[in-house]
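Before any comments, here is the structure.
Only heavy atoms go into these numbers, but all of them, side chains included; no hydrogens, no water, no symmetry mates. Every chain is numbered from 1 and lettered A, B, ... according to where its sequence line falls, protein lines coming before strand lines. As the structure is a prediction and not an experimental result, all values here were calculated from the model.
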Amino acid sequence: MTASPNPGAVPPSRSESASEPAPVRPLNFIEQIIEADNASGKWNKRVHTRFPPEPNGYLHIGHAKSICLNFGLAKKYGSNGRAGKFNLRFDDTNPAKEEQEYVDSIKRDVKWLGADWEGPNGGGLFFASDYFDKMYEFAQDLIRKGKAYVCDLSAEEVAARRGKPGVPATSPWRDRPAEESLRLLEEMKQGKWPNGAKTLRARIDLASPNFNLRDPVMYRIVHEHHHNTGDAWCIYPMYDWAHGIEDSLEGITHSICTLEFEDHRPLYDWFIDAINVGRTGDEKINHAQQIEFAKLRPTYTVMSKRNLLKMVQDKIVSGWDDPRMPTISGLRRRGYTPEAIRAFCEDIGITKVESFIDIARLENAVREHLNKAAPRAMAVLRPLKLVIENWPAGKVDELDFVANPEDPAAGTRKVPFSGELYIERDDFMEVPAKKFFRLAPGIEVRLRWAYFVKCTSVVKNAAGEVIEVRCTYDPATRGGDSPDGRKVKGTIHWVSAQHAVPAQVRLFDRLFTAEQPGKRTENWMDDLNPNSLEVVKAFIEPHVAAALIPGNTWERGGGFQFERLGYFYADQDSRPGALVFNRTVTLKDTWAKEAAKA
RNA sequence: UGGGCGAUGGUGUAACGGUAGCACGACAGAUUUUGGUUCUGUUUGUCCAGGUUCGAAUCCUGGUCGCCCAGCCA
């Protein structure tokens, strides 16, 4: 069977809805393959995908693309009684690198993203190690068929004999009798040989221009404790040998992987075909179609597990879940939502073109979702005191604010107002710049949802810095509207000084200053952004104290839009009386852009 | 100088021999009690050279550029 896509074979199903002018996203090439398969009856309209991570690290945004793709396909083609299923499968074939901690984190992240392997489209949870017995039987089968042999060459010798383009590889053990290979494989399995002493190799083609076919290793000896099977095994299957069998045993129809496996597809197919030689009808094992797509490469970050691990080990970040990390756990801690990540993955599309995705698109996706979802609050990150000279001494006014102008169902909140407030330092200029619409001497602005105030004077310290702004307010503007219809050009946010809750706010910037870290110097560490974390002591509107609840999530009120600033999410480091917020992302800021021009 | 894959505005993505469209960005304007949101408009593209064809992003030939492959990693 060939796995080469033939997208033109069948008219895309979108023609069915030709009468509907509603714009639908065009099918990506994988959807086209699936629809062609459904039309031809190749899989009897079955669609079964899987996400097959190796538990050797935490999942990152690139994995999210694969998860959304695979689960999305199962969901999309699983309606109307058809069987669209999605498996989560751990490809745990290398105990030297794999750990239970990673299994646990991966399960949490996949579920959080909404790819529910136990839900309506769930095919279940699996481990490659569940199939070790079956794989061993298949290996014996291949030896008997003359399609595999035990090789005594060391790793170094194999490398030396690998050959070159045009020069074949060699192995002196290629024609070892099947009975002998069978016996030696059993000895390997029994633990009679040390690591590296022998391998089981597929007998394919030592002269193939595709080096993957030059008698690849199927089993190697690894005396190592496995997180799942303990010490039951000391030989472990290689990816190429294992993966197709895993797919086959689970009934996977479309085995989706990334581009670097294109060269492995002939091998994937060879192994399944080799097992099926001599089998008929129901004896034949399932043969999925491997399909490769381009992995996600966002700008301003690194993605390889090796590099992410190094940042963790070198304490450049606080851990795998540092909110600056492109990991799922980092994004979650930063305040990203599954909805936003899914929308992003949908937005970037699926192709075989290796392109860079501007990380701003991810930031856009979270803004878009949080604009609808986030309740509003006010917070002042860099406080400047504002005193209202004509405010009645000791008076506190309690005002009703809408919780979210984008979501009427969110209701209202109560916010205390008094004669001493904090405003944002950036919202005052003693000598206003061009197009600066905020507070300045003699200028009247609106305090959001409260009153108009006009600046009368400033108080400075010995260094000449403004440390206090003095204003008068207009009592007739309560709520933020002037009965006489006069307009102000600016609206600024504030918190009442005596009611404000202090909080630590962590402001994150990108981890790297270059779009492609390491491109210039070959060393990605050279492009680290030394200012990717700024911690400020902020004052926050009192009702956000709900964010003190340990284990906050968006659902439980852990996230807010701090008006005019951005989206913020209660960090797990928060303690009663010591709030910590992470800035998920800023709001778009056209004033900052304008100011930067000048 | 072996094999595999790819190339469409600034970025991403459509087109399946028949008007190069969409999204994001950028720019301009309108609305706005967040310089947010929303709305409107503008802008920019088929890697190159030949060929086939009434007609080519699409098919053919040859180039160019980029990525992947010689782990007992996945």
Distance-only donor-acceptor test, A:Glu260 side-chain atoms vs B:G4 base atoms, 3.5 Å: no
Syn/anti state for B:G71 [syn: chi within 90° of 0]: syn
Heavy-atom donor-acceptor pair, A:Glu354 side-chain to B:C5 base, under 3.5 Å: no
Any N/O donor-acceptor pair, A:Asp589 side-chain to B:G35 base, under 3.5 Å: no
Sugar-phosphate, base or nothing in reach of A:Asp481, heavy atoms under 4.0 Å: base
Centroid distance under 5.5 Å and plane angle under 30°, A:Phe437 vs B:G35: yes
Sugar-phosphate, base or nothing in reach of A:Glu406, heavy atoms under 4.0 Å: base
Ring-ring centroid check A:Tyr473 A:Tyr451, cutoff 6.0 Å: yes
Heavy atoms of other groups near A:Glu522 CD, more than 12 under 6.0 Å: no
Sugar-phosphate only, base, or nothing, as touched by A:Gly166 at under 4.0 Å among non-hydrogen atoms: nothing
Face-to-face contact A:Trp591 to B:G35 six-ring, under 5.5 Å, under 30°: yes
Touch class at under 4.0 angstrom, heavy-atom based, for A:Ser154 against every strand present: base
Sugar-phosphate only, base, or nothing, as touched by A:Thr93 at under 4.0 Å among non-hydrogen atoms: sugar-phosphate
Sugar-phosphate, base or nothing in reach of A:Ile348, heavy atoms under 4.0 Å: sugar-phosphate
Sugar-phosphate only, base, or nothing, as touched by A:Phe344 at under 4.0 Å among non-hydrogen atoms: nothing
Touch class at under 4.0 angstrom, heavy-atom based, for A:Leu447 against every strand present: nothing
Touch class at under 4.0 angstrom, heavy-atom based, for A:Arg214 against every strand present: nothing
Complementary nucleotide for B:U40 - Watson-Crick or wobble, under 3.5 Å: B:A28
base_contact_polar (B:G25 base, A:Arg361 side chain, donor-acceptor, <3.5 Å): no
Side-chain donor/acceptor of A:Ser496 to backbone N/O of A:Phe417, under 3.5 Å: no
Sugar-phosphate, base or nothing in reach of A:Phe356, heavy atoms under 4.0 Å: sugar-phosphate
Plane angle bin for A:Phe581 and A:Phe562 - parallel if under 30°, tilted between 30 and 60°, otherwise perpendicular: perpendicular
Sugar-phosphate only, base, or nothing, as touched by A:Pro237 at under 4.0 Å among non-hydrogen atoms: sugar-phosphate
Sugar-phosphate, base or nothing in reach of A:Thr590, heavy atoms under 4.0 Å: sugar-phosphate
Touch class at under 4.0 angstrom, heavy-atom based, for A:Gly163 against every strand present: base
Sugar-phosphate, base or nothing in reach of A:Glu594, heavy atoms under 4.0 Å: nothing
Sidechain-backbone polar pair: A:Glu594 side chain, A:Trp591 backbone, donor-acceptor under 3.5 Å: no
Exceeds 12 heavy-atom contacts within 6.0 angstrom, atom CD of A:Glu368: no
